[in-house]
Structure formats: structure tokens, C-alpha cells
Amino acid sequence: MSISADTLRGHTDTIILTQLLRGDNYGYEINKNIQDRTGGAYGFKEATLYTAFKRLEQAGLITSYWGEDGPGARRRYYSITQDGRTAWEEGRREWEDTRALLDALINLEED
Amino acid sequence: MDNIQERMQRDIGAKLMGAPDTPAKSELIEELAQNLLARYEDLVGSGVDSETAYRTAMDDLGDTAELVEYLNSLGPEESIPNPEDQKQDPNFYYTNFSSNPGWSSFVSNLDGLMNTVGTVINEAFETAKNAMKNAQTTISDIGEQAKQPGGYTYRSPKGSVSVTVHNNGEEPVSPPWEAELEQLLQEKEDALRKNLEEHGITGDEAEELVQASLESAKPKLEEELKKKWTSHKGTPKFTSDTCKVDFQEDGNVMVDGLLHTIDVEVSGDIEISENADFQESDVVIGGDIDKLSVVSQNGVLTIRNSSSSVNDIMRRRGWQNPNVELILPKHNWNAVRAVTVNGDISLELETAADLVELSSVSGDVEGHISECKLLKLASVSGDVDFTANAEAANCSSVSGDVRLDGAYGDLKASTASGDLDIDGSTGSVSCSTASGDISLQSTLLPGAMNLNTKSGDVDVTIPDEGPFVVEFRSMSGEFSSEFFEGILSGKHGQFKYGRGDGPVYRMQSFSGDLNLDKL
């Protein structure tokens, strides 16, 4: 499967928001879910993921909190906000439009 | 397992070294290590050996430049950003920086800037230090290589620069005693013939005798003449293959011979000018000539502090900084090089030179040259003020200002605390300074532009032409432009002016403002 990394990168935020819609989660699990859903074909580098987390957090689309995870260990969990849900809706709609547009432009179908 | 986690925290910390140590950074390191550890454990669980798993996990970290930038954007006290504060900044989302490769390099560029400043200081000191140390080698190299037409490589302390020797289009000079030798031989021949005639010897016999006599006399005469032309008593001491060196009545020194390279390295002021009335071979050397050593060899005029024990001691204590005043004939030069420690350098030439290199430690460097292939100007604490038409130029000062006028094909200019002021036309221009301002006014649209400051402002004025792309970034300053009036301002972005493909103009500052205006 050859997918332009640039195409995916443009949707980084929406991809992460989609994961958080399933419930609060921490970075590694989020990335692992993404990898699992794509059969291991695609995953974020940690640095990319965390830059996106910080960006989303600064924009108020997600919040984070420290959660206990076994003795002595703590993890930072991320949670989607109401603004985040709205942004996800927008992102998803944008993708639908993009897909429809590209389908029309790229697919070689009889008119 | 704990030591793996510690090792990860240490390695991640090393990658985030560019960011200040804040609570936010500690938390980020903890969080990243936590996740990479989980990745590591999964890998080990699936049968991967420990070291490979560690490397794979660390590899998954990826490019940390953006994280460093994020941490830098937080105030030193701020541990976790307040979403409400950041959300309202409309400039923050001007363009999609996550897909803009330039953005992630911003921080490394700032690092680069600081390195550049360090390099400027180091280079300036290195230049001064090496210049004094390598003087003898360098100049003998020039002399040696200048003998071979077609080109030589000028070795500067920081690398090599190729310079083509064109020998000024002149024929090689013949030794000055040759004419005198011819004349003496002629006189001798005439006298011989007269003598033979008086004795009634004529014809082939006389001719044979004359030739034999001249043949045997010639080497001895030549030897005597050569000695007469090249020996000199007292100071300064001269050696010469092809040039006549003589004192003038006013105490100046005359070097008679064809020169193509000037190399001056003394501890006082250096003043180089030209006189259009001079013959090709005239050079006048003035200043503290009794404290200088002058050598003219193979077309290279070398002037140094004279080396005597008294002079050395005086100079080392700073009591003696011999000055040089040099007046040259008006013709083109292969190389003009002037290096000093405590003095100012002034160069005024209407002619062309392949290489012009002027460098002072505590003095100013100023003047002009009509045409130049490579121009190198440097001062540590003085100003650099120059006008030139140069194919390539490299100009720097550490604490002084750099002001340049004229036309430059490829210009690199830098200071640490001084201002950079460039006025004229530039091809590709690259400027960096730490705390100085950059002001660039070009009558042509530059072919490329890269301007960096840390705390200074950047002001650029270019003709109202296109197309070009401007890429600007400032952490706490503002960008404004007459080209994009009412369309944009802000902290960072990449915008195009005009249709078609154009050069990229990069303007970056940490805390200064960036302005791009129409001429």
C-alpha cells in the first residue's frame, strides 16, 4: 500500500480526535490502536504524535490529566472536549468532501 | 526494567536539549519515556532482543525539533499551557505548519544562528592569530604558485579559495640589468673594434677576436651588474630578482618592477591607494619604513614588521605599531591582502583584483575597489565600511557594524553585536547577527535571501517586482510588509508575491520585528 505521507499528515488531528472519541486514552495506546486499525501499515512517530497533542491541547480541542497506572507509574491521559468534537465533525466532513472530490477527479469511470 | 526507563529518559532528554529545563519538559520526557517503554516491552514480549527493541523504540521517537520548539514557546515558569490563552491568537494557525518542512527547522536554524555568531568570533580571532603565524608560508605559497600561470589556490586559514592568475596580460619582465649589460657589451665591442682597427686587424680575423672577447667578458659583467642591482645596505632589507628597490629623497621607498600581488601584514595602520600617473612598475612605500621589512619577489610585494630583537620587544609591548602607506600603479591585481592587529585599514582602488582580503583585530576596515572576484573583509572590534563590485563577498565584524555599498553576486555578512547595513544590488544574500539589526536595500530582486537575527530587527526594501516567496518567522516579533498590505501580518508564514516560480526569501528573528517593503 502506497499512501502519500503528506496526505495522511494533513489529517493527523482528525485521526487523533477520532481515537479519543472512543474514550480517554494515553499516547502509546492511541498510536497502537491506529497501527492495529491499519494492519500495522501506519503509525505516528512519537514526536509527531506529541506535537499534535500539544497543538490540540493549546487549541482547546483536547485536555489531559495524569492517571495512575499500577504502582509508581503514571500516564498522561487525553480526553476530547466539546470543541474537539465540533472540530472532529468539521475534519470528518472535510475529508468526505475531499474524498468525493478526488473520487470525481481521479477515478477513471464512464460518465 | 527501571534502568531501561532511566536510559530512555536520559536519551530523550538529550534530544530535547535545545529546550529550557522547565516542569513542562520534565513531564514531556516522563510521558514519552513511559510510552516508549511500553513499546519496548511489547517488542521484547514478541521475542525481539533487548538492544534491538530499545533501538526500535527510540527510533519511533522521530524528529523532536517541533517538540523543542513547543517547549521553547512556553514561558520559563509555565508548566502547562492555558488553552484559553493560546486559542485566541489568530496568527498561530496562519498556515498549516505541521506540513511545512521549514517550520520544524526553525529551532535548528536558531541554533545555527548562535553557532554562526560563535563562528564569527572564532574566525575573527583565528584569522588574526593564524595570519601572523602563517604569514611566511602563505606568502611564499602565493609567490611560488603565482609563477605558474593558469591558477593557484590561495590558502586562507579557514579553507581554500581558487583564484585565477591572469598575469595582468603582461609579458614576463626581464631583469633590469639586461639593458645595462647590452649597453656595456656594446661599448666594449666598439672599443675593441677601434683598438683592432688601430692595429690593422680587420675582416673575419677581427670579428672572431671580438666575439671571443665578448663571450668571455659577458658572465663576469652580468654577475657584477646583478650584484649592483640586488644588494642593498642598511634597513629595510630588500631582496629582489627582478625589481629595483631604491630610496626616494622624501624617505619613501621605490620598488621598480612589475607586481601582481600585494601582501601586507603589520601591526599598525595600512593605507593603500593608487596613482594614475605612475608607470606600471612604480610603487611607493611610505610609513614607518625603518621598522618594516619589504621583499619584492616574483611579482609579489611582501611587507612585514621588521624582525630585529629591539623591534620585536617594542612591538610585543605594544610600543611599536609600524604603519604602512602604499601607493600603487593603476593596474589590475591578482591579490591584495592587508592584515593588521592594532591599526585601521584603508583601501582605495579604481582597478580590479581577483582577491581582496582585509582584516584587522581592533581597527576599522574601509574603502572601495571597482571590481573584485572575491572580497573578504573582517574586523573583531572595528567597523567594516566598504564599497565594491564583487562576485563573491564575505564580510564580518564581531562588535562593529558592517556597512556595504555596491553590487555583490554572492554576499555573506555577519556580526555578533553590530548592525548590518547593505545598500546596492545583491544576487544571493545571507546575513546573520545576534543582537544587531539588519537593513538591506537592493535595487534588484535578490536571487536568494537568508536573513537571521536573534534580538535585532530585519528591514528589507526591494523593488516592487515578482515573483518571490517570503518565508518569515519570529518568536516574539511581528512581520509586516507593503507587499502584503492589509493581507497579512503575524509571527510566521510562507507567502508568495507575483505569478510563477520565484526565489525564496527567508527572514527570521527570535525577538525582533521583520519588515519587507517596496523600494
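Letters A, B, ... mirror the listed sequences (proteins, then strands); counts begin at 1.
Expressed to the nearest 0.5 Å, how far OG of B/Ser73 lies from CD of A/Gln58 amounts to 5.5 Å. The CZ atom of A/Phe53 sits 7.5 Å away from atom CD of B/Glu31, with the distance rounded to the nearest 0.5 Å. From A/Arg76, atom CZ reaches atom CD of B/Gln34 across 12.0 Å, with rounding to the nearest 0.5 Å. Within the model, atoms CG of B/Asn35 and CG of A/Asn31 stand 8.5 Å from one another, a figure rounded to the nearest 0.5 Å.
Using a 4.5 Å cut-off between heavy atoms, B/Leu28 contacts chain A through its side chain alone, with no backbone atom that close.
Residues forming a salt bridge (Lys or Arg N to Asp or Glu O under 4.0 Å) with A/Asp24 (at least two apart in sequence, or on another chain): none. Checked against side chain to side chain contact (heavy atoms under 4.5 Å, CB included), B/Pro467 has no partners two or more places apart in sequence or in another chain.
In terms of heavy-atom pairs under 4.5 Å with chain B, the best-connected choice from A/Ala47, A/Ala52, A/Gly43 is A/Ala47. Across A/Lys32, A/Glu29, A/Lys45, the residue that shares the most heavy-atom pairs under 4.5 angstrom with chain B is A/Lys45.
Considering every non-hydrogen atom in both B/Leu32 and A/Tyr50, the closest pair reads CD2-CD1, 3.3 Å.
With contacts defined as side-chain heavy-atom distances shorter than 4.5 Å, the pair A/Tyr28/B/Arg39 qualifies.
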